[in-house]
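Note that the structure is a prediction, hence the values are computed from the model and not measured. Note on naming: letters A, B, ... go to the chains in the order of the sequence lines (proteins, then strands), and numbering restarts at 1 for each one.
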Amino acid sequence: MFRSHTCGELGKTDVGKQVTLSGWVNTRRDHGGLIFIDLRDRYGLTQVVFDSEKYPPAWAVAEKLRDEFVIRIEGVVTGRPPEMVNPHLPTGSIEVRVSGVEVLNSSKTPPFEVSYLPAEGDTSTQTVNEELRLKYRFIDLRRRRMLENLEFRSRLTLFIRQWMVKNGFIEVETPILTVSSPEGARDFLVPSRLHPGKFYALPQAPQQYKQLLMVGGIDRYFQIAPCLRDEDARADRSPGEFYQLDVETSFMTQEEFFTLMEPLFIELTETLTKKKILRKPFPRIPFAQAMAKYGTDKPDIRFGLEIQDVTSMVAECGFSVFSEAVNSGGVVRAIVATGAAGMSRSQIDELTEVARKNKAKGLAYIVVKEDELSSPIIKFLGEELALELVKELNAKPGDTIFFGAADKAIVAASLGAVRAELGKRLDLIDSTMMAYCWIVDFPMFEYNEQEKKVDFCHNPFSLPQGGLEALNTQDPLTILAYQYDIVCNGVELSSGAVRNVTPDIMYRAFEIAGYTREQVDAKFGHMIRSFEFGAPPECGFAPGIERMAMLLRDEPNIREITAFPKNGRAEDVMMGAPSEVDAQQLKELHIKVAHD
RNA sequence: GGACCGUUCGCUUAGUUGGCUAAAGCGCCUCCCUGUCACGGAGGAGAUCACGGGUUCGAGUCCCGUACGGUCCGCCA
């Protein structure tokens, strides 16, 4: 027998029991004739004691033990006198007196330290170079941070599955080998042995399958679905592969869908974490309003600092940066940074740099003091207008007003970035808060400056608001879609939409984006044909599992939530993937590799 | 594809205006220690400062290039 108990479960009530424990040597404290080892497994630490007088053979083995050796011990659980209790250890009131020990496997000195204190908030694991952690992930997984994250992720997906099933959803696995789609992300391709020159594609998302499931009458579908995209990484976007809670429903309006799904986010947040939810029900923020007030379609609404428009106030003013922006069709907008008046010049310069990175030419500001205004732009603006602005923007002494003046998109991007930075710098972000919101009413189309044509803004399968009539009568750039996002703490958890399941509306929408009927049929004909056989109205979304876990666990990136993540260049450094394959494999697949 | 930041013993870091024979804590090795719990004590090993070039009497430090890593932009319907 390897173990009668785990290393985390023995306590006072077990005193006197003969037990067997197996685990890793976490730390070893050698006192000469007495050796203490903290034995570690997934469940915790237990102190085991080797006594040279009572059990010389076991003690002799213990002398040779080193960190991360895997051992099995037998012994008797002994209570510790009060002064020897370790209050930091759940098992600290007992220890095991070892009568026999077996080395199950030895270990090289690990490349980084594994041992941890059992205390809450141990952050030691965060400091080791991540490349090294990924190369030796199997060791990294023994550490508290990864262990707890994997346990959390498991609880999260279990909770989701139970909730979904309870609410009438059924989980359906959709194919991993599917067809390449010219739209969207770059596909991972899989060559076909039986069909020379042809390729499967790994699914970027089960989008088309889930719509076919709706046509098939599965009116509440979900899947914790792998999504594979050959695109570059970000902190919240792993390269290659990630998981989504893919959801689709039939016969629900957008608002009914929100009402159905919100409790999932509320319940999982409140059940699995100590975090609080900012607002219930979640705010619905139209896209245009999000862009105007927060400068982004994924606002962090845990703090205010909303962007205000002052275009009309400064249209005629003496500060040419403002008036010229207005005259050339742009806007002037402002953020009142509460309590920012104490910022140093160099701090303001750093904020200016943030604005510049987002294509702003600069960052005008007015520091509001008790009895005066201090600003490099007042001499152009005039004292009177400056005071009017302060009043209109409701700025108080101690605040600083930051301005953006340019075309709408640049002002949104630059002030949005400044707002996010101010949120951090002014310590306005409550990290115990989960601020969910729905962003709704995305535009159906956008103008593609490079190609000088109208493009889909998001998903071409979204239903335009106003239907066919809107497509036929409105300026395409003014048409909104039943297209929405769910956002939390400035992170987009998911897009979603009411789908367009009417072939006529589909063809017309594609026509506006410059596709002929033949082109649409070539790409999506199989799906549109299905819509000709009675497609129900449907909507859905697909929140990213890792992004949710990352927010709920306060982790800075998605790799901390993934057991075996790819690095930034989409490599598995531990397994050595991707790798070359042998010539025979290539031959069977009818592949010739061109090395250039 | 582009921008920025980084790379110093196994790990984490320090290294000032160029003076380094490169420092510390942890870890590792040897020895001592029967109540420690991140044990303690004594001693020791371990670094061509990512790589290549340049400036200089002299480069870890300054400059150029390359590689690798991270963050961001592009991309992600």
Worksheet item: Quick one: the side chain of A/Glu113 and the base of B/U12, do they pair up donor-acceptor inside 3.5 Å?
Response: no
Practice prompt. Please report, rounded to the nearest Å, how far the P atom of B/C73 is from the NZ atom of A/Lys359.
Written response: 11 Å
Worksheet entry | Residues A/Arg142, A/Asp140: salt bridge by 4.0 Å N-O rule | no
Worksheet entry | B/U8 to B/C62 separation - P atoms, rounded to the nearest Å | 15 Å
Worksheet, complete the sentence: In Watson-Crick or G-U wobble terms, with both distances under 3.5 Å, the base opposite B/G52 is B/C64
Item to complete: Kindly say if A/Arg66 contacts the phosphate of B/C28, meaning a side-chain N or O under 4.0 Å from OP1 or OP2.
Response: no
Discussion item. Taking atom types as they are modelled, would you say the side chain of A/Glu95 forms a donor-acceptor pair with the base of B/G35 within the 3.5 Å cutoff?
Written reply: yes
Worksheet item: In whole Å, what separates the C1' atom of B/U71 from that of B/G25?
Response: 29 Å
Fill in: Nearest to side-chain heavy atoms of A/Asn86, which nucleotide of B/G27, B/C76, B/A38
B/A38
Worksheet entry | Contact nearer the 5' end of RNA chain B, comparing A/Arg569 with A/Ala233 | A/Arg569
Practice prompt. Measure the shortest side-chain to side-chain distance between A/Val114 and A/Asp67 over non-hydrogen atoms and say whether it is less than 4.5 angstrom.
Written response: no
Worksheet item: Taking only side-chain nitrogens and oxygens of A/Arg559, does any of them come within less than 4.0 Å of OP1 or OP2 of B/U71?
Response: yes
Discussion item. Rounding to an integer number of angstrom, what distance separates B/C28 and B/G65 when you compare their C1' atoms?
Written reply: 38 Å
Practice prompt. Considering only atom P, compute the distance from B/C4 to B/C64 and round it to an integer number of Å.
Written response: 11 Å
Worksheet item: Which of these, A/Asp236, A/Leu551, A/Asp485, A/Val487, sits in a side chain to side chain contact (heavy atoms under 4.5 Å, CB included) with A/Leu493?
Response: A/Leu551
Discussion item. Can you tell me the base-pairing partner of B/A42? Count Watson-Crick or G-U wobble geometry only, both distances below 3.5 Å, and say none if there is no partner.
Written reply: B/U30
Worksheet item: For B/C39, does either OP1 or OP2 sit under 4.0 Å from a side-chain N or O belonging to A/Thr27?
Response: yes
Fill in: Under 4.0 angstrom between A/Arg80 side-chain N/O and B/C37 OP1 or OP2
no
Worksheet entry | N or O in side chain of A/Arg29 less than 4.0 angstrom from B/C39 OP1/OP2 | yes
Worksheet item: What nucleic acid atoms does A/Glu446 come within less than 4.0 Å of, heavy atoms only: base, sugar-phosphate, or nothing?
Response: nothing
Fill in: Under 5.5 Å and under 30°: A/Phe112 stacked on B/C11
no
Worksheet item: Are OP1 or OP2 of B/G69 and a side-chain N or O of A/Asn567 less than 4.0 angstrom apart?
Response: yes
Worksheet entry | P spacing across the pair B/C39 / B/C29, given as an integer number of angstrom | 15 Å
Fill in: Length of the CD-P vector between A/Gln244 and B/C76, whole Å
15 Å
Item to complete: Please state whether the base of B/C76 and the side chain of A/Asp232 form at least one donor-acceptor pair under 3.5 Å?
Response: no
Discussion item. Can you identify which nucleotide, out of B/C11, B/U12, B/U34, has its nearest atom closest to the A/Asn129 side chain?
Written reply: B/U12
Discussion item. Under the side chain to side chain contact (heavy atoms under 4.5 Å, CB included) test against A/Tyr243, which residue among A/Ile545, A/Ile561, A/Thr562 passes?
Written reply: A/Ile545
Worksheet item: On a whole-Å scale, what distance lies between the P atoms belonging to B/A45 and B/U7?
Response: 28 Å
Fill in: For B/A59, the Watson-Crick or wobble partner whose two distances fall under 3.5 Å
none
Worksheet item: Do you see a donor-acceptor pair shorter than 3.5 Å between the side chains of A/Asn567 and A/Glu131?
Response: no
Worksheet item: Using purine N1 to pyrimidine N3 plus N6-O4 or O6-N4 for Watson-Crick, or N1-O2 and O6-N3 for G-U wobble, both under 3.5 Å, which nucleotide pairs with B/U71?
Response: B/A3
Worksheet item: Can you tell me how far P of B/U36 sits from CG of A/Leu39, to the nearest Å?
Response: 21 Å
Discussion item. Do A/Arg517 and A/Tyr507 form a cation-pi contact, if we require the NZ or CZ to be under 6.0 Å from the six-membered ring centre and within 45 degrees of the ring's axis?
Written reply: yes
Worksheet item: Hey, is the side chain of A/Arg229 pairing donor to acceptor with the base of B/C76 inside 3.5 Å?
Response: no
Discussion item. If the cut-off is 4.0 Å, is A/Arg28 near the phosphate of B/C39, judged by side-chain N/O to OP1 or OP2?
Written reply: no
Worksheet entry | Interatomic distance at C1', B/G19 relative to B/C32, whole Å | 42 Å
Fill in: Quiz item: A/Arg234 side-chain donor-acceptor pair to B/G74 base, under 3.5 Å
yes
Discussion item. For the residue pair A/Gln244 / A/Arg547, report whether a side-chain donor-acceptor contact shorter than 3.5 Å exists.
Written reply: no
Practice prompt. Could you check how far CD of A/Glu83 sits from C1' of B/C37, rounded to whole Å?
Written response: 14 Å
Practice prompt. Considering only atom C1', compute the distance from B/U17 to B/A59 and round it to an integer number of Å.
Written response: 14 Å
